[in-house]
Amino acid sequence: MVNLKDVAKLAGVSVSTASYSINGSTLISDDTKKKVLDAAREIGYRPNGMAKNLKKQKTNIIGLFLSGFSGPFFTEMMEGIQDEVMSKGYELVVCASADRHRLLVESYVDGAIILNYHMEDHLLVNLANEKLPIIMLDRELKGPYIKNVLLPNEKGSAMMVNYLISKGHKRIGFIAGSIESYDGETRLKGFIKELKNHNISFLERDLLRAEFTELSGYYQMSSYLEKMGNDLPTAIVCANDEMAMGAIRAIQENGLNVPDDIAIVGFDDIYASQNFNPSLTTIRVPRKQWGTIAAQSLFQMLDNQFDFEPEPILVELISRTSG
């Protein structure tokens with residue numbers, strides 16, 4: 001039995017492009033659509049009747065689209081979403097890959113929550129409509145059927161900078177993650193902005209880039225210590241707790257003390273941060289509340305309520321022994 005992969009192979013396009021073309025997406029050029037439809041006719045492909053029927057009615061399914069599941073950050077956020085979805089009698093489908101957006105294009109879900117930097121802005125803006133509202137967790141998008149439920153990353157970074165300055169620190173470094181991360185980059189932006197508010201310069205050599213994992217924080221800090229020698233800041237802010245814990249291990253292995261030689265602070269307040277040695281000073285993010293507010297906002301739009309602003313997320317500074 002022929003399937004969509006066979007059509008895509010014959011047409012020389014991806015499966016997603018074949019799906020968009022067959023479903024008449026405006027994101028695909030007319031030439032590509034014709035090539036796909038011609039290929040479908042040639043091999044006798046017919047879209048599944050049940051799947052086509054799903055497009056015409058509610059599915060009672062909410063889609064959560066993630067870039068990946070790595071790290072301990074997402075569990076509580078997903079729990080908040082799941083609790084709200086189940087309370088409404090819906091099901092939750094979680095997708096963690098770069099190509100599952102065909103579930104959006106083919107309307108297999110009634111609404112979507114997006115925390116996936118692989119999905120292009122123009123795709124999401126074009127797909128969002130009254131019958132397919134979208135919640136963004138990882139960037140700011142504008143549209144009548146899109147709501148942004150974002151963490152106050154800049155505010156959290158500003159809180160941490162003020163805390164470190166109150167401790168007497170004047171040269172503060174930063175360990176960032178990938179530039180593709182909205183949360184990571186807004187945390188860096190808030191950090192630099194607050195330093196400027198205090199007339200404190202940020203040295204480019206004190207900006208490290210890791211990958212939001214403990215191991216990457218460890219390797220980047222080890223390399224940084226080797227390169228910088230004794231020319232070090234007295235404190236370093238990390239864009240998440242995992243990188244902070246890796247950085248602490250590297251500092252300790254180099255014979256330095258945290259916080260006496262270098263104070264290290266994190267962001268997120270994952271469970272392990274309070275049991276780490278030294279326990280981690282960090283910004284507490286209410287992850288379950290984030291998921292709950294995201295789901296509640298989505299259901300408001302599913303009830304045809306679009307003129308509202310989602311409830312803001314509040315963060316707090318947790319002072320422990322690392323900084």
Side-chain angles (χ1 to χ4, degrees), residues 1-70 85 90-148 178-182 298 301-302 304 306:
M1 180 178 177
V2 296
N3 56 39
L4 193 59
K5 287 185 179 179
D6 299 320
V7 176
K9 183 177 181 180
L10 182 61
V13 300
S14 69
V15 174
S16 294
T17 298
S19 176
Y20 296 160
S21 300
I22 288 171
N23 286 285
S25 171
T26 58
L27 301 174
I28 305 300
S29 69
D30 290 339
D31 288 344
T32 300
K33 285 180 187 176
K34 183 178 184 304
K35 184 165 59 174
V36 171
L37 293 174
D38 286 346
R41 279 192 293 269
E42 182 178 336
I43 63 175
Y45 172 77
R46 295 288 184 273
N48 182 279
M50 183 179 294
K52 298 298 285 186
N53 186 51
L54 280 173
K55 295 173 63 180
K56 300 175 183 178
Q57 57 187 314
K58 289 181 55 130
T59 65
N60 278 16
I61 297 173
I62 299 300
L64 171 59
F65 296 85
L66 304 174
S67 302
F69 291 110
S70 61
V85 168
Y90 279 64
E91 293 182 76
L92 180 68
V93 172
V94 182
C95 300
S97 72
D99 62 356
R100 293 301 181 188
H101 46 336
R102 68 184 184 84
L103 298 181
L104 289 177
V105 176
E106 297 176 11
S107 299
Y108 282 101
V109 297
D110 291 338
I113 300 172
I114 310 294
L115 184 59
N116 187 329
Y117 63 81
H118 296 299
M119 291 184 167
E120 303 91 346
D121 290 355
H122 69 90
L123 168 72
L124 298 170
V125 169
N126 278 282
L127 287 177
N129 60 68
E130 188 174 1
K131 297 187 181 300
L132 181 60
I134 291 177
I135 297 291
M136 299 303 307
L137 300 181
D138 65 349
R139 76 197 86 161
E140 296 179 76
L141 286 185
K142 291 184 179 180
Y145 307 109
I146 296 175
K147 296 293 181 183
N148 304 303
S178 165
I179 60 173
E180 295 176 314
S181 167
Y182 173 86
L298 183 60
M301 290 197 285
L302 287 170
N304 293 314
F306 298 100

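Note: hydrogens, waters and symmetry copies are ignored here, and every other heavy atom, side chains too, is used.
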To check you understand the geometry: which heavy-atom pair defines the closest contact between N116 and F65, and what is its length?
CB-O, 3.4 Å

Can you find a pair of side-chain heavy atoms, one from I62 and one from V109, that are under 4.5 Å apart?
no

Quick one: CG on D110 to CD1 on I61, what's the gap to the nearest 0.5 Å?
7.5 Å

List the atom of I134, the atom of M301, and the distance in Å for their closest heavy-atom pair.
O-CE, 3.6 Å

Do you know the tightest heavy-atom contact between D138 and Y117?
OD2-N, 3.4 Å

Can you check salt bridge (Lys or Arg N to Asp or Glu O under 4.0 Å) on K34 and D38, steps first, answer last?
CA-CA 6 Å; K34 183 178 184 304; D38 286 346; 2.9 Å; yes

Separation between CG (N148) and CD1 (I114), nearest 0.5 Å, reads 11.5 Å

Check this for me: does any side-chain nitrogen of one of K35 and D31 sit under 4.0 Å from a carboxylate oxygen of the other?
no

Quick check: closest heavy atoms across P133 and L298, and the distance to 0.1 Å?
O-CD1, 3.5 Å

List the atom of V13, the atom of A18, and the distance in Å for their closest heavy-atom pair.
CG2-N, 4.0 Å

Once you round to the nearest 0.5 Å, how far does CD1 of I43 lie from NZ of K9?
10.5 Å

Mind listing the closest non-hydrogen atom pair of V125 and I146 along with its distance?
CA-CD1, 4.0 Å

Any pair with a residue in residues 115-125 that passes salt bridge (Lys or Arg N to Asp or Glu O under 4.0 Å), sequence neighbours left out, goes on the list, sorted by first then second residue, please.
D121-R139

Modelled atom types, side-chain donor and acceptor of T32 and S29, under 3.5 Å
yes

Would a line drawn from the ring center of Y145 to the ring center of F306 be shorter than 6.0 Å?
yes

Between the CD1 atom in I113 and the CE atom in M136, the distance rounded to the nearest 0.5 Å is 11.0 Å

